[in-house]
Amino acid sequence: MSPLHPGGLDSAAALAASTAYHTSTGEAVQFWILGVVAVIGALCTVLMRKAVHSALCLAGTMIILAVFYLANGAYFLGIVQIVVYTGAIMMLFLFVVMLVGVTAADSLKETIAGQRWLAALCGVGFGILLIAGIANASLRSWNGLGRANAAGNPQGLAALIFTKYVFAFELTGALLITAAVGAMVLTHRERTERAKSQREQSEERIRAGRQLPPLPAPGVYARHNAVDIAGLLPDGTPSDLTVNKTLKGRGQIRDVSQEAIADLRALEQRSESRLGRERGEGTGKERRADDDAREERGKEEGVTR
Amino acid sequence: MDNLIALLIAAPLLGAAVLLCGGRALDRVGPLVGTVLSGASFVIGAVLFADMLGKGAGDRTMTQHLFAWVPVAGFKADVGFQLDQLSMTFVLLISGVGTLIHIYSIGYMAHDERRRRFFGYLNLFVAAMLLLVLASNYLLLYMGWEGVGLASYLLIGFWQHKPSAATAAKKAFLVNRVGDMGLSIAIMLMFTTFGTFSFGGVFGAAHGATEGKLTAISLMLLLAACGKSAQVPLQSWLGDAMEGPTPVSALIHAATMVTAGVYLITRSADLFNGAPTAQLAVVVVGGVTLLFGAIVGCAKDDIKKSLAGSTMSQIGYMILAAGLGPIGYVFAIMHLVTHGFFKAGLFLGAGSVMHGMNDEVDMRKYGGLRKYMPVTFVTFGLGYLAIIGFPGLSGFFSKDKIVEAAFAKGGTEGWILGAVTLLGAAITAYYMTRMMLMTFFGEERWRNTATASPDAPDVEPAAEERGRHAEPHPHESPSVMTIPMIVLAIGSVGAGAFFGVGDRFLRWLEPVTGHSEGNSPVSAGVVTAATLVLLVVGAGIAYLQYGRRPVPARAPRGSLLTRAARRDLLQDDFNHVVLVRGGEHLTRSLVYVDHTVVDGVVNGTAASFGGLSGRLRKLQNGYARSYALSMFGGTAVIVAATLLMRAV
Amino acid sequence: MNPVYYLYLASLLFTIGAAGVLIRRNAIVVFMCVELMLNACNLAFVAFSRLHGNLDGQIIAFFTMVVAAAEVVVGLAIIVSMFRARHSASVDDASLMKL
């Protein structure tokens with residue numbers, strides 16, 4: 001890429017200040033292609049159902065913005081954008097997305113009446129206002145950064161940061177430290193007592209008298225043994241003991257008890273017909289339970305016959 | 001030399017700060033520090049006085065400007081001091097008598113655990129009082145005015161463990177608030193009328209103001225003076241203020257603070273001179289209080305309360321003299337100074353008696369004490385002779401002048417005022433003689449107090465509380481207490497002659513207050529003769545009642561007037577019926593109006609707003625997104641408005 | 001091409017981000033939209049820097065990035081602790097702003 005609209009052009013602009021400032025054709029082409037991609041990325045960020053997709057789209061947009069920074073002569077910022085934003089901040093986002101649950105997709109159905117329409121209206125109105133304001137301003141004579149970047153862009157920035165903006169710079173340092181401490185305070189949970197030893201834990205478990213053996217594994221008596229499927233008790237109901245509390249909290253448990261009961265019933269049916277017993281001796285409870293499974297059972301029956 | 005003025009105030013203020021903030025480490029040296037710093041103030045005052053005497057009568061006024069206190073455009077208040085002959089008189093009185101009473105307190109308060117605090121409060125009082133008399137504008141004067149009010153409150157309630165003292169302090173504070181309100185209104189009126197409240201500015205512009213405005217300001221100043229100087233109708237606090245330690249009663253409630261009202265009126269002479277109606281009100285207040293205080297003083301058996309009535313009465317004299325205008329200002333101040341000497345001496349004497357009598361205050365349980373307390377007897381006796389106007393002593397000169405000035409007012413008014421002052425002189429002689437006889441002469445009634453019934457009237461509860469039912473052993477006070485009494489007695493004897501002979505005081509003060517001789521219908525000699533005759537009559541009646549016959553240890557029922565006077569001429573009952581009951585009725589009717597009219601309007605408005613809000617609250621659904629939307633919409637509107645304004 | 005188009009792009013991205021904040025309910029996505037708005041502002045700053053021919057605009061953009069980093073740290077910590085407490089990352093669940 002050629003972010004070089006540079007010294008020569010700059011002095012030309014200085015010579016003919018009244019004429020409109022123009023970028024090179026290469027930069028124009030780059031702008032129109034990447035600009036469209038950036039807008040699409042931004043829209044996808046807003047519209048994707050899964051947070052992880054949004055994050056990826058946003059990362060793309062940010063990389064394109066980094067390119068634009070470079071094209072505008074902000075070489076240092078362009079690199080920082082890639083390193084800090086896409087490298088650090090977006091990764092932090094992805095990390096939290098994973099922590100919170102990567103599969104949980106948002107429902108895009110709006111719950112507040114009129115919120116979406118009003119938001120769209122305000123957004124469009126605001127955008128039109130901004131664009132009208134920019135168009136209204138006469139931004140014809142651009143100075144370019146040729147002179148400012150003469151000694152190198154990072155050097156120029158450094159000279160400003162450590163002279164004119166040194167106080168603000170120190171303040172941001174304090175802000176970062178505060179933020180780091182704040183994050184620790186927010187996510188930290190104080191351990192108020194000594195961690196229990198294994199011996200104490202086992203003694204406690206025995207004294208409490210519940211669940212002495214290890215917890216049952218998920219998927220027992222179920223069709224699958226994946227971690228998100230609760231194991232079934234002998235009567236066919238799912239057992240909470242077998243699945244991770246976090247998954248349960250997120251609502252990511254798959255309940256297969258109905259299917260399992262249906263399977264069981266089908267199996268019984270098959271064995272009954274094979275042994276030649278009469279049907280209809282089943283208990284009322286069973287009859288109630290297998291409403292859902294009736295069709296499947298009928299299918300099975302048909303197959304057996 | 002002018003720059004020393006601030007030091008006058010700074011010394012006791014420093015003492016107050018050190019003693020009140022210093023903590024227990026200063027308990028031992030506290031009294032000494034307070035006394036020394038008060039004395040320092042007196043020494044500085046004396047230096048300034050010597051300097052002032054060296055100048056001509058016309059240019060004796062010194063000023064010192066410290067800093068601009070409130071430097072707002074159109075509203076200027078400076079912290080500046082003005083020391084002229086009037087202020088100088090007060091400075092010497094306050095710091096001099098103040099220092100003597102500090103010394104006295106070293107002995108009197110020797111056994112009090114909180115004496116460091118006591119001396120801190122005393123120093124605070126001296127500083128505030130000096131600020132009051134040295135201020136060069138009314139706003140700063142107001143600060144001093146409030147300062148002495150605060151110090152008075154703290155000192156009256158110094159023994160706050162006694163409910164009666166705490167109540168008395170509150171009463172004094174509240175009644176004083178009424179007067180303070182008058183002063184603040186007067187200052188506000190001055191600002192709206194003259195645009196300034198510096199003495200120079202106000203008095204310079206006073207001639208140009210309408211009489212109505214001057215009358216309004218002067219009446220408000222009179223209200224202030226009534227509050228601080230315990231004049232009718234704001235007199236009720238002074239008697240109760242005697243709950244404070246006796247040195248406090250001597251310094252604040254006899255010699256200095258209560259005379260602040262006289263200072264205020266004299267200082268504002270230019271305002272009062274232009275408002276004859278207000279002057280008439282001043283004279284009436286003075287005359288009524290003069291008789292009121294004297295009558296109360298006759299009936300009380302509590303030595304301090306009797307003296308308090310006497311103080312009220314004597315200040316009535318001063319107020320009356322100040323209300324007479326240029327004829328009387330000088331004599332008001334002169335009486336103020338002599339009164340400062342002899343009344344402080346009398347109070348210290350009373351304190352000395354109480355000190356020797358286990359804090360007993362009931363005069364009916366005294367008697368025959370002259371043998372046991374010779375110094376107290378002599379000094380108290382000299383003060384007694386001074387206050388009744390015995391020829392040659394200070395009261396004779398100052399009071400006589402006031403009586404003359406009252407006659408000199410001229411016309412019917414002059415005759416009435418003259419009569420009132422003469423009558424007051426007679427009653428003064430009566431109650432002071434009664435006090436003298438009951439305390440120092442007659443049989444020794446305290447011999448049997450151990451068995452006296454505890455519900456005797458007018459007995460200080462403190463006497464019982466402290467559980468000293470044993471028979472008292474009267475004794476002379478230590479020299480640290482008697483020396484101030486002796487000094488004050490010398491002042492009581494000599495001050496009047498020093499001031500009066502050759503009109504020395506008149507010539508000293510005249511440049512500040514102005515003076516004019518009235519045309520008296522009676523000659524000075526006749527007035528003096530009449531005063532002396534009435535003096536003898538008053539003292540004679542007292543002798544017949546209390547000197548010839550034994551004094552009953554329990555007060556007889558007495559006449560209707562006596563009983564009323566024992567209850568301070570029903571002042572508290574009057575306040576209760578008129579102010580408290582009236583206030584209750586007023587508030588009740590206001591509550592009714594509030595419930596029906598005001599609440600009706602308010603509730604109606606509230607109901608309509610409630611209905612409106614019920615609809616509006618649907619906008620507030622608790623979702624952060626919804627609020628963000630309204631913020632975003634608002635931003636859009638602001639951007640649109642900005643662009644529109646730029647386009648136009 | 002006049003570089004003013006960078007400003008148009010910036011305002012467009014800003015508006016999209018703002019709309020996203022208002023529409024989405026997942027706190028993480030809302031947060032990403034905020035980042036998008038910040039980035040749009042940065043682009044505008046860089047373009048202005050070019051317009052004026054000095055580096056102050058870039059300095060501001062730099063400070064914005066630092067502040068954004070701090071904000072992300074604290075914001076994500078809040079989201080995590082909110083998720084711990086409520087098992088949800090929806091901003092509508094925290095509708096405690098009314099009585």
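The chains referred to below are lettered A, B, ... by the order of the sequence lines, with proteins before strands, and numbering in each begins at 1.
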Inset, instruction - Take Leu9(C) and Val39(A), measure what side chain to side chain contact (heavy atoms under 4.5 Å, CB included) needs, and give me the verdict at the end. - result: CA-CA 8 Å; Leu9(C) 177 63; Val39(A) 170; 3.6 Å; yes
Inset, instruction - Apply the test side chain to side chain contact (heavy atoms under 4.5 Å, CB included) to residues Asn153(A) and Leu55(C): give CA-CA distance (whole Å), side-chain angles for both, the deciding distance (0.1 Å), then the verdict. - result: CA-CA 8 Å; Asn153(A) 177 261; Leu55(C) 293 175; 3.7 Å; yes
Inset, instruction - For the pair Tyr165(A) and Phe62(C), evaluate side chain to side chain contact (heavy atoms under 4.5 Å, CB included) and give the outcome as yes or no after the intermediate values. - result: CA-CA 11 Å; Tyr165(A) 294 100; Phe62(C) 172 72; over 6 Å; no
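Nearest approach of Ala61(C) to Leu77(A), heavy atoms of both residues: CB-CD1, 3.5 Å. Heavy atoms only, all atoms of each residue included: Phe83(C) and Leu99(A) are closest at CE2-O, 4.5 Å. Heavy-atom minimum distance, Val73(C) versus Ala179(A): CG1-O, 3.8 Å.
With no hydrogens or angles considered, no side-chain donor-acceptor pair links Tyr69(A) and Gln58(C) at under 3.5 Å.
Counting heavy-atom pairs closer than 4.5 Å to chain C, the top residue among Ile177(A), Val84(A), Thr178(A), Leu92(A) is Leu92(A). Between chain A and the residues Pro3(C), Ala68(C), Ala77(C), the largest count of heavy-atom pairs under 4.5 Å involves Pro3(C). Your options are Val30(C), Ile79(C), Val72(C), Val21(C), and the one with the most heavy-atom pairs under 4.5 Å with chain A is Val72(C). Each of Ala38(A), Gly127(A), Ala74(A) has some count of heavy-atom pairs under 4.5 Å with chain C, and the biggest count is that of Ala74(A). Interface summary for chain C: among Thr45(A), Val185(A), Ile161(A), the most heavy-atom pairs under 4.5 angstrom belong to Ile161(A). For the options Leu175(A), Ile134(A), Leu176(A), Thr61(A), heavy-atom pairs under 4.5 Å to chain C are most numerous at Ile134(A). With chain C as the partner, the residue from Met184(A), Met90(A), Gln81(A), Lys164(A) showing the most heavy-atom pairs under 4.5 Å is Gln81(A). Chain C forms the most heavy-atom pairs under 4.5 Å with one residue out of Ala55(A), Gly41(A), Gly182(A), and that residue is Ala55(A).
One distance of note links CG of Asn149(A) with OG of Ser49(C); it measures 7.5 Å at 0.5 Å rounding. Of the inter-residue distances, the one linking Ile89(A) atom CD1 with Glu71(C) atom CD reads 8.5 Å to the nearest 0.5 angstrom. A distance of 10.5 Å separates CG in Leu7(C) from CG in Leu130(A), rounded to the nearest 0.5 Å. To the nearest 0.5 Å, the span separating OG on Ser11(C) from CD1 on Ile131(A) amounts to 4.5 Å. The CZ atom of Phe31(C) sits 11.5 Å away from atom CG of Leu58(A), with the distance rounded to the nearest 0.5 Å. Separating the CG atom in Leu65(A) from the CG atom in Leu43(C) is a distance of 5.5 Å, to the nearest 0.5 Å.
For the pair Arg84(C) (side chain) and Thr187(A) (backbone), a donor-acceptor distance under 3.5 Å is present. Remark: the backbone N or O of Val46(A) is paired with a side-chain donor or acceptor of Arg24(C) at under 3.5 angstrom. At distances below 3.5 Å, not a single donor-acceptor pair connects side-chain atoms of Asn72(A) with backbone N or O atoms of Val46(C). Under a 3.5 Å cut-off, the side chain of Gln115(A) and the backbone N or O of Ile23(C) do not form any donor-acceptor pair.
Side-chain contact check for Glu35(C) versus Met62(A): some heavy-atom pair is nearer than 4.5 Å. Between Leu76(C) and Phe95(A) there is no side-chain heavy-atom pair separated by less than 4.5 Å. With a 4.5 Å cut-off on side-chain heavy atoms, Asn54(C) and Leu145(A) do not count as touching.
Of the two parts of Phe14(C), only the side chain, counted from C-beta on, holds a non-hydrogen atom closer than 4.5 Å to a non-hydrogen atom of chain A. There is no contact between Ala159(A) and chain C, counting heavy-atom distances below 4.5 Å. Both the backbone and the side chain of Ala69(C) come within less than 4.5 Å of a heavy atom of chain A. Proximity to chain C (any heavy atom under 4.5 Å) is restricted, for Tyr85(A), to the side chain, taken from C-beta onward. The part of Phe31(A) that comes within reach of chain C is its side chain, from C-beta onward, which places non-hydrogen atoms under 4.5 angstrom from that chain. Of the atoms belonging to Val67(C), heavy atoms from both backbone and side chain fall under 4.5 Å from chain A. Both the backbone and the side chain of Ile28(C) come within contact range of chain A, judged by heavy atoms closer than 4.5 Å. Interface residue Leu12(C): only side-chain heavy atoms are found under 4.5 Å from chain A. Proximity to chain A involves both the backbone and the side chain of Ile16(C), based on heavy atoms less than 4.5 angstrom apart. With a 4.5 angstrom heavy-atom cutoff, Ala137(A) does not touch chain C via any of its atoms. Asn39(C) touches chain A through backbone and side chain together, each having a heavy atom under 4.5 Å away. Heavy atoms closer than 4.5 Å to chain C are found in both the backbone and the side chain of Ala168(A).
Just one residue in the list Phe68(A), Trp32(A), Trp142(A) forms a ring-ring contact (aromatic ring centres under 6.0 Å, His included) with Tyr6(C), and that residue is Phe68(A).
Heavy-atom neighbours of Tyr8(C) OH from other residues, nucleotides or ligands within 6.0 Å: above the threshold of 12.
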